[in-house]
Amino acid sequence: MNDLDLTRIPQHIAVIMDGNGRWAAEKGQARSYGHQAGVETVRVITAECVRLGVKYLTLYTFSTENWNRPEEEVNTLMGLVLTSLEDEVLMKNNVRFRVIGDKGRLPQAVQQKLQEVEKNTAGNDAMTMTIALSYSSRWEIVQATKQQIKELCRNCQTTDELMEKMDETVTEETFSSYLTTAFMPDPDLLIRTGGELRVSNYLLWQIAYSELYFCNTFWPDFREKDLHLAISDYQQRQRRFGKTGTQVESEEN
């Protein structure tokens with residue numbers, strides 16, 4: 001903690017919470033045991049992010065590809081969503097809860113629980129904690145593309161008019177407004193636990209200029225000190241966004 005510059009805490013941290021199953025296997029337990037342990041880490045890291053001044057925390061909870069996992073594991077994960085979303089934890093830390101992903105594929109009881117927690121925490125403003133549930137970045141980009149094209153088509157009478165309108169209005173900024181993450185800034189820092197070195201179809205558009213941090217710690221073992229190490233590593237980097245280091249230093253001075 002003493003090594004952190006509290007004036008340079010990343011505004012938005014995204015996390016790929018990996019390693020639950022392998023953590024459980026090392027202990028001779030079923031994968032569900034690891035997922036249950038991972039819930040406690042979510043509570044710990046959420047509270048610590050609020051304390052540090054992080055404004056957005058986005059957690060990769062369940063991908064669209066995860067629907068292909070064994071039915072028992074999927075049912076366990078859906079059950080954890082129902083039992084682990086505790087309003088009192090979010091309210092205690094003044095955290096607003098949001099969810100992104102293909103929510104229509106989720107069990108009805110899960111959809112209702114998500115809506116309930118979103119509504120109950122809508123007034124909280126210390127931090128927004130978002131879970132990516134039944135989420136895939138490619139799915140999100142395809143859906144955003146369809147929505148923007150439909151919007152353009154509704155306001156155009158001919159193909160020529162449509163093409164002209166597209167040239168005028170389709171920009172990175174307007175496209176971003178159709179993404180499920182339109183309510184928050186792009187991540188400053190992406191953390192992946194568990195030792196894997198890939199982004200797994202997560203926020204592909206949004207992490208174009210995010211700083212990436214990979215660690216070997218399994219998610220159930222990830223604690224405050226591990227978060228501090230990730231942020232400390234982030235603070236030692238120079239974010240250039242395509243500029244030279246000299247240009248960035250000149251702007252900062």
Side-chain angles (χ1 to χ4, degrees), residues 4-18 42 45-46 48-50 52-64 95-103 118 121 124-148 151 169-193 196-215 222 227-245 247-248 251-252:
L4 296 183
D5 180 351
L6 296 181
T7 68
R8 296 181 57 234
I9 296 296
Q11 181 183 25
H12 183 181
I13 297 177
V15 184
I16 300 175
M17 306 179 293
D18 196 19
V42 170
I45 297 305
T46 297
E48 184 63 8
C49 281
V50 171
L52 292 174
V54 176
K55 292 302 180 184
Y56 297 88
L57 174 66
T58 305
L59 305 173
Y60 204 6
T61 305
F62 187 86
S63 72
T64 54
V95 173
R96 184 181 186 185
F97 174 80
R98 298 291 299 267
V99 58
I100 57 174
D102 187 3
K103 290 177 278 188
E118 282 188 316
T121 63
N124 294 345
D125 59 7
M127 185 180 77
T128 297
M129 191 265 272
T130 302
I131 63 171
L133 190 62
S134 188
Y135 173 88
S136 126
S137 190
R138 289 182 175 181
W139 164 85
E140 178 187 34
I141 290 170
V142 169
Q143 294 303 309
T145 302
K146 289 179 179 178
Q147 291 176 29
Q148 189 164 24
E151 185 81 17
T169 63
V170 178
T171 65
E172 289 185 14
E173 289 74 19
T174 59
F175 182 76
S176 292
S177 71
Y178 287 88
L179 296 171
T180 61
T181 56
F183 63 91
M184 59 182 170
D186 292 341
D188 300 296
L189 172 64
L190 170 67
I191 299 171
R192 179 168 188 149
T193 64
E196 303 290 354
L197 305 178
R198 55 178 177 268
V199 294
S200 297
N201 201 6
Y202 184 46
L203 302 176
L204 298 180
W205 177 276
Q206 297 87 340
I207 64 170
Y209 278 101
S210 301
E211 298 298 322
L212 308 183
Y213 179 85
F214 300 95
C215 67
F222 195 86
L227 176 65
H228 297 169
L229 285 173
I231 295 175
S232 177
D233 184 86
Y234 164 86
Q235 291 182 343
Q236 293 173 44
R237 305 183 192 183
Q238 184 184 61
R239 304 189 72 196
R240 295 193 290 272
F241 299 98
K243 299 177 182 179
T244 67
Q247 286 177 303
V248 173
E251 291 173 0
E252 290 176 346

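In what follows, every heavy atom counts, from backbone to side chain, and hydrogens, waters and symmetry copies are set aside. Worth saying up front: this structure is predicted, and the values here are computed from it rather than measured. Each residue takes its place number in the sequence, starting with 1.
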| query | How long is the span from the CG atom in L203 to the OH atom in Y135, to the nearest 0.5 Å? | reply | 4.0 Å
| field | Backbone of R198 reached by a side-chain donor or acceptor of R192 within 3.5 Å | value | yes
| To the nearest 0.5 Å, what is the distance between CG (D188) and CD (Q11)? | 6.0 Å
| request: Please round to the nearest 0.5 Å and tell me the distance separating atom CG of L52 and atom CG of L6. | output: 7.0 Å
| field | CG on D233 to CD on Q235, rounded to 0.5 Å | value | 10.0 Å
| field | Partners passing side chain to side chain donor-acceptor pair (under 3.5 Å) against T174 (at least two apart in sequence or in another chain) | value | Q148, T171
| query | Which word best sums up how the rings of F175 and W205 line up, parallel for under 30°, tilted for 30 to 60°, or perpendicular for over 60°? | reply | tilted
| Which atoms form the tightest heavy-atom contact between M17 and Y60, and what is the distance? | CE-O, 3.3 Å
| field | Closest approach of V54 to I9 (non-hydrogen atoms, all atoms of both residues) | value | CG2-CG2, 3.6 Å
| For the atom pair CH2 (W139) and OG (S134), what is the distance rounded to the nearest 0.5 Å? | 7.5 Å
| query | How are the rings of H12 and Y56 set to each other: parallel, tilted or perpendicular (split at 30° and 60°)? | reply | tilted
| said: Is there a side-chain contact between L59 and I45 in this structure, where contact means two heavy atoms from C-beta onward sitting under 4.5 Å apart? | reply: no
| task | State, to 0.1 Å, how close E118 and R98 come at their nearest heavy-atom pair, and which atoms those are. | result | OE2-CA, 3.4 Å
| message | To check you understand the geometry: which heavy-atom pair defines the closest contact between I16 and Y202, and what is its length? | response | CG1-CD2, 3.4 Å
